[in-house]
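Written out below as structure tokens is the structure these notes cover.
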Amino acid sequence: MLNITLPDGSVRQVEPGTTGYDVAASISEGLARNALAVKVNGEIRDLSRPLTQDAALEILTWNDAGGKQAYWHSSAHLMAEALEVLYPGVKLAIGPAIENGFYYDVDLGEGRTISSDDFPAIEKKMLELAKNKSRFERREVPKAEAIAYFTQKQDPYKLELIDGLEDGQITFYSQGSFTDLCRGPHIPDTGPIKAAKIMNVAGAYWRGDEKNKQLTRLYGITFPKAKDLTEYLEKLEEAKRRDHRKLGKELELFAFSEKVGAGLPLWLPKGTALRERLEQFLRKAQVKAGYQPVVTPHIGSKELYVTSGHYEKYGADSFQPIKTPNPGEEFFLKPMNCPHHCEIYRTKPRSYRDLPVRLAEFGTVYRYEQSGELHGLTRVRGFTQDDAHIFCRPDQVIDEFKKVIDLVLYVFKALGFSEFTAQISLRDPANKTKYIGSDENWAISEQAIIQAAAEKGLTTVTELGEAAFYGPKLDFMVRDALGRRWQLGTVQVDYNLPERFDLEYVAPTIPSSAP
RNA sequence: GCCGUUUUAGCUCAGUGGUAGAGCACUUCCUUGGUAAGGAAGAGGUCAUGGGUUCAAAUCCCAUAAAUGGCUCCA
């Protein structure tokens, strides 16, 4: 007999081979009816998978994130099935569940496109197929057979995926006449999918690499009740009404002009009043926290950025230098304030007693963001950072870092940002060439951030490969009205700039707090 | 930068080959003691820009720009 521990702590004894569904049914008929998947020792699985050992078990329904995940992932398969019917020969890449719904990346083949006019037909076909209540059948497949299947189906994307999988780890899922390479898990059958909406279509690179072929990504969402879909769509409409771009125009806060240039906002009188009020509030908080306000120019000589390393990293992809009547003299619009602040630090000898030196500036910076990236006021080519640099001794790093976290949290609270994610952004250990600086300093910096965040009791997520090229960060991510995530604050540790700028007293450290 | 979509009056949009339309806003006048009030008249548009096809283009084609949904990027 197996011991199955339920979320309430009770333990049930079941025969090996009992499925998650059996357990749900033994608890209540309603639970069995609503069960979508099961979580076994933290891993989400099909309800139909037999239990083989003692486990902590949780029945997942629509009310669980994991249940929705299985449901939407299954919906992605359903959409793929509909696409195969409507667009014969379509090649499928990947189709995961996402926060709100799912998507599937597909290759329609030369000359074929999908537009929003085609959505209703796809939705209709999905619901039609869902009504069959086709079971999602899981099957373990030997690698050779998997290759044979997709070779016959002429699906290069699945073959590439299989190539990266180990024999014995490959599973297929089938529902109706549709079979897909898939790790799962899935809901028992397509029956619970009662409402479907294709949300939009967009391009997406195969495997997220812009050198690869661009596929068609179809976003969709499904619900167990038609009413849920209606409510979801209403919520989206409501969010659109709160979009800062719409409000900015209606309330006359800011505007853009093609003549001024893309991504270069014009602050209108009302917006400026708002902005100045915010600056006053922030400045007050900074002064109280021991920061000294400074002001630096909007441009800096090329030398400055060669020294900082930004020229090498971004020089070619950013605004190009400003020339002067003096041959060879070049200035850059400043893309960040750090180098300027380093030079302020250098203006006089610093005693260890002077540290930490905290410099703060509302520094306007200019970055040549890719044209496709511009977005309202959240991604622009000219913007003002609430930026500060702290020059401190190694033994002060953790403490200073914690103080910056306090300041960020204070500001977030005052401004009503109650929902945010603290993200520890570390370097990608598999791709060290993207970064500068020694392994040792990276290790120290990363450890400092992890420790400081832990000591402040922050709930964090850790992302590899999200660090800046010169150092790890603690990023504060917030959501806009449309649910999109943006980095609003960032605290960074940088051992490189002090070395590059020969800053003395002892190797200082620079965290920075950006907008 | 890449893929898709969009760009018509101040705003939100309709108009799909034959000399520009609506609602709101605006101007003037009238009505009305009341908080998105009613009526009348009126002004406002190189239909993003530049080419092309055509007897004729807002409408079809190409290029450019900007916006937008994603992707990639984000010092």
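These numbers come from a predicted model, not from an experiment. Each chain gets a letter, A, B and so on, in the order its sequence line appears, and its residues count up from 1.
Heavy atoms of Y103(A) sit nowhere under 4.0 angstrom from any nucleic acid atom. Residue K334(A) is classed as having no contact, given no heavy-atom separation below 4.0 Å to the nucleic acid. Backbone-only contact: R245(A) has heavy atoms under 4.0 Å from sugar-phosphate atoms and none from a base. Heavy atoms of G471(A) sit nowhere under 4.0 angstrom from any nucleic acid atom. Within 4.0 Å (heavy atoms only), R484(A) reaches sugar-phosphate atoms of the nucleic acid but no base atom. Contact annotation for Q214(A): base contact, defined as any heavy-atom pair under 4.0 Å involving a base atom. Among the protein residues, G208(A) comes within range of the sugar-phosphate backbone only, with heavy atoms under 4.0 Å from sugar or phosphate atoms but none that close to a base. Backbone-only contact: G376(A) has heavy atoms under 4.0 Å from sugar-phosphate atoms and none from a base. As judged by a 4.0 angstrom heavy-atom cut-off over every strand, S318(A) is placed among the base-contacting residues.
Proximity note for L374(A) (side chain, C-beta onward) versus A65(B), A67(B), C74(B): the nearest is A67(B). With A75(B), G69(B), C71(B) as the candidates, the nucleotide lying closest to the side chain of Y205(A) is C71(B).
When each of D105(A), L215(A), I162(A), V106(A) is tested with Y157(A) by the rule side-chain contact (heavy atoms from CB on, under 4.5 Å), just one qualifies, namely L215(A).
A donor-acceptor pair under 3.5 Å is absent between the side-chain atoms of S318(A) and the main chain of G315(A), judged by distance alone.
A14(B) and C73(B) have their P atoms separated by 35 Å, with the value rounded to a whole Å. U46(B) sits 23 Å from G42(B) when the C1' atoms are compared, rounded to a whole Å. Taking atom C1' in both C60(B) and G18(B), one finds a spacing of 15 Å when rounded to whole Å. C26(B) and G10(B) have their C1' atoms separated by 8 Å, with the value rounded to a whole Å. Taking atom P in both A48(B) and C13(B), one finds a spacing of 15 Å when rounded to whole Å. Taking atom P on both nucleotides, A9(B) is separated from A58(B) by 15 Å, rounded to a whole Å. G51(B) and A56(B) are spaced 16 Å apart, taking the P atom of each and rounding to whole Å. Rounded to whole Å, the P atom of G21(B) lies 37 Å from the corresponding atom of G70(B).
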- request: Output, in order, the C-alpha distance, side-chain angles, deciding distance and verdict of ring-ring contact (aromatic ring centres under 6.0 Å, His included) for H310(A) and F469(A).
  value: CA-CA 9 Å; H310(A) 291 97; F469(A) 74 94; 5.4 Å; yes
- request: Could you walk me through whether D439(A) and K432(A) pass salt bridge (charged side-chain N to carboxylate O under 4.0 Å, His left out), step by step?
  value: CA-CA 9 Å; D439(A) 284 352; K432(A) 288 185 181 174; 3.5 Å; yes
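With salt bridges taken as basic N to acidic carboxylate O contacts below 4.0 Å, one links D243(A) and R245(A). The pair E81(A)-K125(A) does not count as a salt bridge, with every side-chain nitrogen at least 4.0 angstrom from each carboxylate oxygen. Under the 4.0 Å criterion applied to side-chain N and carboxylate O atoms, E231(A) and K235(A) are not assigned as salt-bridge partners.
Taking atom CZ of R379(A) as the reference point, atom C1' of G70(B) lies 14 Å away to the nearest angstrom. Distance E369(A) CD to A67(B) P: 13 Å, rounded to the nearest Å. As a whole-Å value, the separation of M199(A) CE from G4(B) C1' is 16 Å. Going from atom CG of L215(A) over to atom C1' of G4(B) covers 14 Å, rounded to whole Å. Per the geometry, CD belonging to E252(A) stands 14 Å off P belonging to G10(B), to the nearest Å. Rounded to whole Å, the distance from CG on L218(A) to P on U5(B) is 14 Å. The nearest whole Å value for the distance from the CG atom in N100(A) to the P atom in G69(B) is 16 Å. Taking atom NZ of residue K211(A) and atom C1' of nucleotide G1(B), one finds them 13 Å apart after rounding to whole Å.
In this structure C74(B) sits in no base pair that meets the Watson-Crick or G-U test at under 3.5 Å. A58(B) makes up no base pair with any nucleotide shown, lacking Watson-Crick or G-U wobble contacts both under 3.5 Å. Pairing for G34(B) is absent, judged as Watson-Crick or G-U wobble with the two contacts each under 3.5 Å. Using N1 to N3 plus N6-O4 or O6-N4 for Watson-Crick, or N1-O2 and O6-N3 for G-U wobble, each under 3.5 Å, G42(B) pairs with C26(B). Across all strands shown, U5(B) forms a Watson-Crick or G-U wobble pair with A67(B), both key distances being under 3.5 Å. Nucleotide G17(B) forms no Watson-Crick or G-U wobble pair with any nucleotide shown, as no partner meets the under 3.5 Å limit on both distances.
No donor-acceptor contact under 3.5 Å links the side chain of E210(A) to the base of C2(B). For R217(A) against C71(B), no side-chain N or O and base N or O form a donor-acceptor pair under 3.5 Å.
Between F469(A) and V201(A), the residue whose closest nucleotide on RNA chain B is further toward the 5' end is V201(A). Residue order along RNA chain B, read from the 5' end via each residue's closest nucleotide, puts A262(A) first among A204(A) and A262(A).
Contact between the side-chain N/O atoms of K249(A) and the OP1/OP2 oxygens of U12(B) is found at a separation under 4.0 Å. Considering only side-chain N and O atoms, K246(A) lies nowhere under 4.0 angstrom from the phosphate OP1 or OP2 of U12(B). Proximity of H375(A) to the phosphate of G70(B): no side-chain N or O atom is located under 4.0 Å from OP1 or OP2.
Relative to the ring axis of Y368(A), R381(A) places its NZ or CZ within 45° and under 6.0 Å from the centre.
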